[in-house]
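The structure appears right after this line, and notes come after that.
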2 protein chains.
Amino acid sequence: MDWRTVDLTNCPVTKALDVIGQRWTLLLLREAFNGVRRFDDLCEHLDVPRASLARRLRELTEAGLFERVPYRDEGARERHEYRPTAMAWGLYPVLVGLMQWGDTWFNDGEPPLRLVERSTGEPVRAAVVAGRVEELAPTSVRWEAGPSFHTIEERRRAPRKRAATAQLGAG
Amino acid sequence: MDWRTVDLTNCPVTKALDVIGQRWTLLLLREAFNGVRRFDDLCEHLDVPRASLARRLRELTEAGLFERVPYRDEGARERHEYRPTAMAWGLYPVLVGLMQWGDTWFNDGEPPLRLVERSTGEPVRAAVVAGRVEELAPTSVRWEAGPSFHTIEERRRAPRKRAATAQLGAG
């Protein structure tokens, strides 16, 4: 059948993008999947203004991607963390797929992180498959540092070095 | 290692979303993957203004996702079609992942289309895998109509019927 005749009003890709089509949605999921779920931690790691982050988290909670769960550190007032729901974890293959695509086309085969199977250490990838194929749950996957890995601390030191060299070169 | 200390400046997910983070990018890829590659066909099937479509196609061609190839129908002037590149096909698992997520959460298990392996007819899915797993190339996958499938023609007739019923109900 000719694809041009196919009605697109109930297209699942369109519906998916209606919810997660904005850039920051998948970045928030990346954080939450990696255990960063508290407002202050998200704010700092994503370097995003508090008001925008609050609005985004509220929208995604309403959409069903996050569950807002109260917690209280000793001596502090009650706060909330944002736990990814089953609906959110359904996007795990999409996030892994974006990660490998980004590494292939923009990181020159020198990824900052590698995903490996927790039990075997074998490289993990997102793939299109059929039939009886063992699918890895997110809990069976861990990341390890790749060739271009940096902590924030390391990165903060590095640009200064490069800036100094550039200045020397220009002088 | 604590994810909060990980530097995100070379994160492949961020880099991927810098290119495909806008909703329409994946919708254009959906069309191109299904063989709709000519400007007029894209314009009509996506129901998008010509100027926006031209801009989007130019941006994605510059980004390396489409190759602009001239063609000429008999008696007509030269036109162009937009062929997805290897870089674009690298997003195939992401698109399949979005499709199954959209069907799971927004189409009530009644998908408009199903993807099946061309040779066996087995259902196809996007998955996170490791080791020796047979990965399907896009050419090994075809779609078939699912329970909520409509052609555009069928959809055009359907709402009128429903509207008529609603009017009767209200009267």
Side-chain angles (χ1 to χ4, degrees), chain A residues 3-17 21 23 26-27 30 34-36 41 44-45 87 90-99 101-107 111-112 117 120 122-131 133-136 141 148 150-155, chain B residues 3-17 21 23 26-27 30 34-36 41 44-45 87 90-99 101-107 111-112 117 120 122-131 133-136 141 148 150-155:
Chain A
W3 183 258
R4 288 172 299 178
T5 67
V6 173
D7 173 57
L8 300 175
T9 51
N10 56 355
C11 169
V13 177
T14 309
K15 290 184 179 188
L17 293 172
R23 199 172 168 286
L26 286 164
L27 299 183
R30 176 194 65 193
N34 283 294
V36 177
D41 291 338
E44 193 180 330
H45 202 214
M87 186 188 190
L91 287 165
Y92 188 64
V94 171
L95 200 73
V96 174
L98 283 174
M99 184 180 167
W101 188 75
D103 276 332
T104 303
W105 296 96
F106 306 112
N107 279 335
E117 187 173 359
T120 62
E122 278 195 291
V124 156
R125 65 195 192 278
V128 175
V129 298
V133 169
E134 200 201 344
E135 204 164 325
L136 296 179
V141 178
S148 66
H150 300 282
T151 63
I152 292 172
E153 201 41 48
E154 287 162 353
R155 168 68 63 180
Chain B
W3 182 258
R4 289 172 298 179
T5 66
V6 173
D7 173 56
L8 299 175
T9 51
N10 56 355
C11 169
V13 176
T14 310
K15 290 184 178 187
L17 293 172
R23 198 174 170 288
L26 285 165
L27 300 182
R30 176 194 63 194
N34 283 294
V36 177
D41 292 338
E44 194 180 330
H45 202 213
M87 186 189 190
L91 288 165
Y92 188 64
V94 171
L95 200 73
V96 174
L98 283 174
M99 184 181 167
W101 188 75
D103 276 332
T104 304
W105 295 96
F106 306 112
N107 279 335
E117 188 174 359
T120 62
E122 276 195 293
V124 156
R125 64 194 192 280
V128 175
V129 298
V133 169
E134 199 201 344
E135 205 164 324
L136 297 179
V141 177
S148 66
H150 301 281
T151 62
I152 291 171
E153 201 41 48
E154 286 161 354
R155 167 68 62 180

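By convention in this document, chain letters (A, B, ...) are assigned in the order of the sequence lines, proteins followed by strands, and residues within each chain are numbered from 1. Note that the coordinates shown come from a computational prediction; the quantities given were computed from them, not determined experimentally.
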Problem - Approximate separation, where rounding is to 0.5 Å, of A:Asp7 CG and B:His150 NE2 - result: 6.5 Å
Problem - Any A:Trp101 side-chain heavy atom under 4.5 Å of B:Lys15 side chain - result: no
Handout entry: Gap between atom OG1 of B:Thr14 and atom CZ of A:Arg30 - 0.5 Å precision
Key = 4.0 Å
Completion exercise
Scored by heavy-atom pairs under 4.5 Å with chain A, the best of B:Val124, B:Val96, B:Asn107 is B:Asn107
Handout entry: Atom of A:Val129, atom of B:Ala127 and distance for their closest heavy-atom approach
Key = CG2-CB, 4.0 Å
Handout entry: Residue A:Glu117 versus chain B: region with a heavy atom under 4.5 Å
Key = side chain
Practice task
Find the distance between CG (A:Leu17) and CZ (B:Arg23) and round it off to the nearest 0.5 Å.
Solution key: 6.0 Å
Practice task
Examine whether an atom of B:Pro123 lies under 4.5 Å from a heavy atom of chain A, and if so say whether it belongs to the side chain, the backbone or both; otherwise answer neither.
Solution key: backbone
Handout entry: Structural part of B:Thr9 lying under 4.5 Å from a heavy atom of chain A
Key = side chain
Exercise for the section: Report the distance from atom CD of B:Glu154 to atom OG1 of A:Thr5, rounding to the nearest 0.5 Å. Expected result: 8.5 Å
Practice task
Please round to the nearest 0.5 Å and tell me the distance separating atom CG of B:Leu91 and atom CH2 of A:Trp105.
Solution key: 10.0 Å
Exercise for the section: Counting only heavy atoms closer than 4.5 Å, note whether A:Val94 contacts chain B via side chain, backbone, both or neither. Expected result: both
Exercise for the section: Counting only heavy atoms closer than 4.5 Å, note whether B:Val133 contacts chain A via side chain, backbone, both or neither. Expected result: both
